[in-house]
Participant: 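Structure incoming, see below.
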Amino acid sequence: MGQMHLLNGTGHSTLEWDLKIPESWIEAEKEFQRLRKEGYTAFQRDHAQAEAQRLDKFEPAAEEIVWLRPLQGG
């Protein structure tokens, strides 16, 4: 089971998918594409690795994807 977390000004939301249920990760991939178009940056976290890896395309086998909006200076 994979999880996608969106962190933004309104709080935190989570979307889950299951590799055994193609419809669930197809929906997660659509959400991935939507968030990329909105300017969010995705990072893949796996508990076996110390550092998160930036993602440019949806990875259904990811344990966890965290979305952040890039900081803007001003």
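From a predicted model like this one, the values you see are computed outputs, not experimental measurements. Quick note: residue numbers are just sequence positions, from 1.
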Participant: Just by modelled atom types, is the E38 backbone N or O under 3.5 Å from a matching donor or acceptor in the R69 side chain?
Facilitator: yes
Participant: I'd like to know if M1 and F58 are part of one continuous hydrophobic network [Ile/Leu/Val/Met/Phe/Trp/Tyr, side-chain heavy atoms within less than 4.5 Å].
Facilitator: no
Participant: Taking the ring of W17 and the ring of F32, is the distance between their centroids below 6.0 Å?
Facilitator: no
Participant: If you take all heavy atoms of H5 and Q3, which pair is closest and at what distance?
Facilitator: NE2-OE1, 3.3 Å
Participant: Would you indicate whether the side-chain heavy atoms of R54 and T41 approach each other to under 4.5 Å?
Facilitator: yes
Participant: To the nearest 0.5 Å, what is the distance between CG (L35) and CD1 (I65)?
Facilitator: 10.0 Å
Participant: Roughly how far apart are M4 CE and L15 CG, rounded to 0.5 Å?
Facilitator: 4.5 Å
Participant: Treating Ile, Leu, Val, Met, Phe, Trp and Tyr as nodes and any side-chain heavy-atom pair under 4.5 angstrom as an edge, say whether I26 and L19 lie in one connected cluster.
Facilitator: yes
Participant: Mind checking who shares a hydrophobic cluster with L68, ILVMFWY linked at side-chain heavy-atom distances under 4.5 Å?
Facilitator: L7, F43, V66
Participant: To the nearest 0.5 angstrom, please state how far the CD atom of E31 sits from the OG atom of S13.
Facilitator: 7.5 Å
Participant: Do you know which two heavy atoms are closest between A52 and R45, and how far apart they sit?
Facilitator: CB-CG, 3.9 Å
Participant: Calculate, to the nearest 0.5 Å, the distance between atoms CD and CD belonging to E23 and E27 respectively.
Facilitator: 9.0 Å
Participant: W25: what forms a ring-ring contact (aromatic ring centres under 6.0 Å, His included) with it, not counting sequence neighbours?
Facilitator: none
Participant: Applying ring-ring contact (aromatic ring centres under 6.0 Å, His included), can you list everything that pairs with Y40, at least two apart in sequence or on another chain?
Facilitator: none
Participant: Within this structure, what is the CG-CH2 distance for the pair L6 and W67, rounded to the nearest 0.5 Å?
Facilitator: 9.0 Å
Participant: Determine whether E16 and D18 satisfy the following criterion, side-chain contact (heavy atoms from CB on, under 4.5 Å), listing intermediate values before the conclusion.
Facilitator: CA-CA 7 Å; E16 296 183 339; D18 187 334; over 6 Å; no
Participant: For the atom pair CD (E64) and CD (Q44), what is the distance rounded to the nearest 0.5 Å?
Facilitator: 10.0 Å
